[in-house]
Novice: 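Pasting a structure below so you can have a look.
What you are looking at is a predicted structure, and each value in this text was computed from that prediction instead of being measured.
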Amino acid sequence: MPEGDSIWNLAAKLQPLVGREVVAFTARKLPAADTKSLVGRTVTKVEARGKNLLIRFDDERVLHVHLRMEGRLFAERPRSAFYRPRTTEPDLRLAVRGVRAIVGTKLPVLRVLRPKQAARADDLASLGPDLCDPSWDAAEALRRFRALGDRAIADALLVQRAAAGIGNVYKSEVCFLERVAPAAMLSAVSDDVLLALLRRASALLRQNLRPGPRTTRAALRGPRLWVYNRAHRPCFECGTPIQRFMQGPSPGRSTYWCPRCQPLASPA
């Protein structure tokens with residue numbers, strides 16, 4: 001699943017849409033009334049909110065896209081002599097004047113929100129502070145985490161209504177960097193440690209608001225991540241084999257950790 005930095009980077013790439021007229025809009029999962037009536041409108045803003053992409057139009061409607069695990073959104077390549085038509089229509093094709101069309105495939109969330117709907121939509125209105133935003137509200141994030149009830153800290157970090165932007169990669173990485181065992185219960189994590197985790201996540205997310213591969217470990221060679229996807233390989237700090245276990249509601253999400261560097265609890 002793309003994490004907060006991926007969606008912010010995607011929104012940055014789509015800024016050329018802003019100020020331009022929509023000349024074509026097709027979407028297999030949307031009513032024809034929405035797609036046809038947006039042709040001729042002007043894109044006024046493209047923004048990321050957590051893991052959500054919002055494209056706003058001059059009539060105050062908003063196109064909401066969430067990629068989840070398999071969704072893809074990209075600029076359509078210019079057709080060449082070797083171009084072959086798609087066997088199936090993409091989920092989304094949005095073209096504006098003077099810019100290549102934006103194409104989306106396997107989009108699990110794709111909807112047009114009427115004016116004011118975006119502010120009231122539960123999945124958007126309930127989002128916690130966006131950690132990609134340098135002005136995120138630490139006190140509000142802390143309040144929201146404490147309202148979650150008790151659960152493993154790594155599970156809590158994925159709850160977007162507490163703080164938006166952290167996904168499976170950053171979950172494991174920030175727990176390692178702050179030496180917190182991912183299976184430690186939220187109730188056992190002090191406010192200071194919880195805020196350190198969130199500040200570390202925010203710093204890493206904002207560090208990766210740029211082109212290129214995601215990096216949490218500054219190194220001239222080798223992996224760019226500390227523990228994620230490194231099961232059974234030696235920890236860069238102590239040499240202990242990195243462990244992987246499934247965490248959260250079935251079927252669970254992969255969590256990576258170093259038992260020696262993160263000794264507060266163990267995933268029983």
Novice: Does the side chain of Val112 come within less than 4.5 Å of Leu38's, by heavy atoms?
Specialist: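 Yes; the side chains approach each other to less than 4.5 Å.
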
Novice: Compare every heavy atom of Ala184 with every heavy atom of Val189, then report the nearest pair and how far apart it is.
Specialist: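 Shortest heavy-atom contact: CG2-CB, 4.5 Å.
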
Novice: Phe74 versus Leu10: any side-chain heavy-atom pair under 4.5 Å?
Specialist: no

Novice: Should Leu194 and Val180 count as side-chain neighbours, where that means a heavy-atom distance under 4.5 Å?
Specialist: no

Novice: Does either side chain, that of Ser187 or that of Asp150, offer a donor lying less than 3.5 Å from an acceptor on the other one?
Specialist: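 Distance-only check passes for Ser187 and Asp150.
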
Novice: Decide whether a cation-pi geometry holds between Arg230 and Phe236; the criteria are a distance under 6.0 Å from NZ or CZ to the six-membered ring centre and an angle within 45° of the ring axis.
Specialist: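 Flagged: Arg230 positioned over aromatic ring of Phe236.
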
Novice: Is Lys171 close to Arg253 at the side-chain level, that is, under 4.5 Å between some pair of heavy atoms?
Specialist: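 In short, these two side chains touch, coming nearer than 4.5 Å.
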
Novice: At their closest point, which heavy atom of Met69 faces which heavy atom of Arg72, and how far apart are they?
Specialist: O-NH1, 3.9 Å

Novice: Going by atom types only, do Thr26 and Arg93 share a side-chain donor-acceptor pair under 3.5 Å?
Specialist: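 No pair is found: no donor N or O on one side chain lies under 3.5 Å from an acceptor on the other.
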
Novice: Which atoms form the tightest heavy-atom contact between Ala196 and Glu178, and what is the distance?
Specialist: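 It is CB-OE1, 3.6 Å.
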
Novice: Pick from Arg210, Arg214, Lys51: which one makes a salt bridge (Lys or Arg N to Asp or Glu O under 4.0 Å) with Asp5?
Specialist: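 Of the listed residues Arg210, Arg214, Lys51, the salt bridge (Lys or Arg N to Asp or Glu O under 4.0 Å) partner of Asp5 is Arg214.
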
Novice: What I want to check is whether the side chains of Trp8 and Asp130 have a donor and an acceptor closer together than 3.5 Å.
Specialist: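 Short answer, yes.
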
Novice: CG/Leu73 to NZ/Lys13 distance, rounded to the nearest 0.5 angstrom?
Specialist: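 These two atoms lie 10.5 Å from each other.
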
Novice: Using the rule given for side-chain hydrogen bond (donor to acceptor under 3.5 Å, both in side chains), can you reason through Arg161 versus Ser126, listing the C-alpha separation, both sets of side-chain angles and the distance that settles it, and then say yes or no?
Specialist: CA-CA 5 Å; Arg161 69 178 182 275; Ser126 65; over 6 Å; no

Novice: Could you please spell out the steps behind the side-chain hydrogen bond (donor to acceptor under 3.5 Å, both in side chains) verdict for Ser202 and Trp136?
Specialist: CA-CA 9 Å; Ser202 177; Trp136 65 279; 3.0 Å; yes

Novice: Given the rule that I, L, V, M, F, W and Y join up when any side-chain heavy atoms are under 4.5 Å apart, are Val18 and Leu209 in one cluster?
Specialist: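 Each belongs to a different hydrophobic cluster.
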
Novice: So, taking the atom named CZ in Arg61 and the one named CZ in Arg114, what distance separates them when rounded to the nearest 0.5 Å?
Specialist: 6.0 Å

Novice: Just wondering, do Gln247 and Asp155 contact through their side chains at under 4.5 Å, heavy atoms?
Specialist: yes

Novice: Distance check, rounded to the nearest 0.5 Å: Leu17 atom CG versus Arg100 atom CZ?
Specialist: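 It is 11.5 Å, given to the nearest 0.5 Å.
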
Novice: Would you say that Leu110 contacts Leu92 through its side chain, given a criterion of any heavy-atom pair below 4.5 Å between the two side chains?
Specialist: yes

Novice: Going from OG1 on Thr255 to CD on Gln243, what distance comes out if it is rounded to the nearest 0.5 angstrom?
Specialist: 12.5 Å

Novice: Could you walk me through whether Arg56 and Glu60 pass the salt bridge (Lys or Arg N to Asp or Glu O under 4.0 Å) check?
Specialist: CA-CA 6 Å; Arg56 300 183 182 275; Glu60 298 186 10; over 6 Å; no

Novice: Looking only at the side chains, is there a donor atom on one of Thr42 and Glu21 sitting less than 3.5 Å from an acceptor on the other?
Specialist: no

Novice: If you round to the nearest 0.5 Å, how far is NZ of Lys36 from CG of Leu30?
Specialist: 13.5 Å

Novice: What distance separates Ile7 CD1 from Asn52 CG, expressed to the nearest 0.5 Å?
Specialist: 8.0 Å

Novice: Grab the two heavy atoms, one from Pro16 and one from Val99, that are nearest each other, plus how far apart they are.
Specialist: O-CG2, 3.7 Å

Novice: Compute whether any side-chain donor of one residue and acceptor of the other, for Tyr256 and Asn168, lie under 3.5 angstrom apart.
Specialist: no

Novice: Can you list everything that forms a salt bridge (charged side-chain N to carboxylate O under 4.0 Å, His left out) with Arg111? Sequence neighbours excluded, please.
Specialist: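 In terms of salt bridge (charged side-chain N to carboxylate O under 4.0 Å, His left out), with neighbours along the sequence ignored, Arg111 is linked to Asp123.
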
Novice: Between Leu186 and Gly149, what is the shortest heavy-atom contact and its length?
Specialist: CD2-O, 3.7 Å

Novice: State whether Asp91 and Lys106 are salt-bridged, where the test is any N-O pair (Lys NZ or Arg NE/NH1/NH2 against Asp/Glu carboxylate O) under 4.0 Å.
Specialist: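 Between Lys106 and Asp91 there is no salt bridge, as every charged N stays at least 4.0 Å from the carboxylate O atoms.
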
Novice: For Arg260, does the CZ atom sit with more than 12 other heavy atoms under 6.0 Å from it, leaving out its own atoms?
Specialist: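 No - once you tally the heavy atoms of other residues, nucleotides and ligands closer than 6.0 Å, there are 12 at most.
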
Novice: Under a 4.5 Å cut-off applied to non-hydrogen side-chain atoms, are Phe57 and Thr44 in contact?
Specialist: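 Not touching, per the 4.5 Å side-chain cut-off.
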
Novice: Would you check if the side chain of Glu173 reaches a backbone N or O of Leu225 as a donor-acceptor pair within less than 3.5 Å?
Specialist: no

Novice: Does the pair Glu237/Arg179 count as a salt bridge with the N-to-O cut at 4.0 Å?
Specialist: yes

Novice: For residues Val159 and Phe145, determine if any side-chain heavy atom of one lies less than 4.5 Å from a side-chain heavy atom of the other.
Specialist: no

Novice: How about Asp192 and Ser190: does a side-chain donor come under 3.5 Å of a side-chain acceptor?
Specialist: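 No, because no side-chain N or O of Asp192 sits under 3.5 Å from a partner of the opposite role on Ser190.
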
Novice: On a heavy-atom basis, which atom in Gly128 and which in Ala164 lie closest, and how many Å separate them?
Specialist: O-CB, 3.8 Å

Novice: Decide yes or no on salt bridge (Lys or Arg N to Asp or Glu O under 4.0 Å) for Asp191 and Arg146, but give the supporting numbers first.
Specialist: CA-CA 9 Å; Asp191 287 355; Arg146 292 309 181 196; 2.8 Å; yes

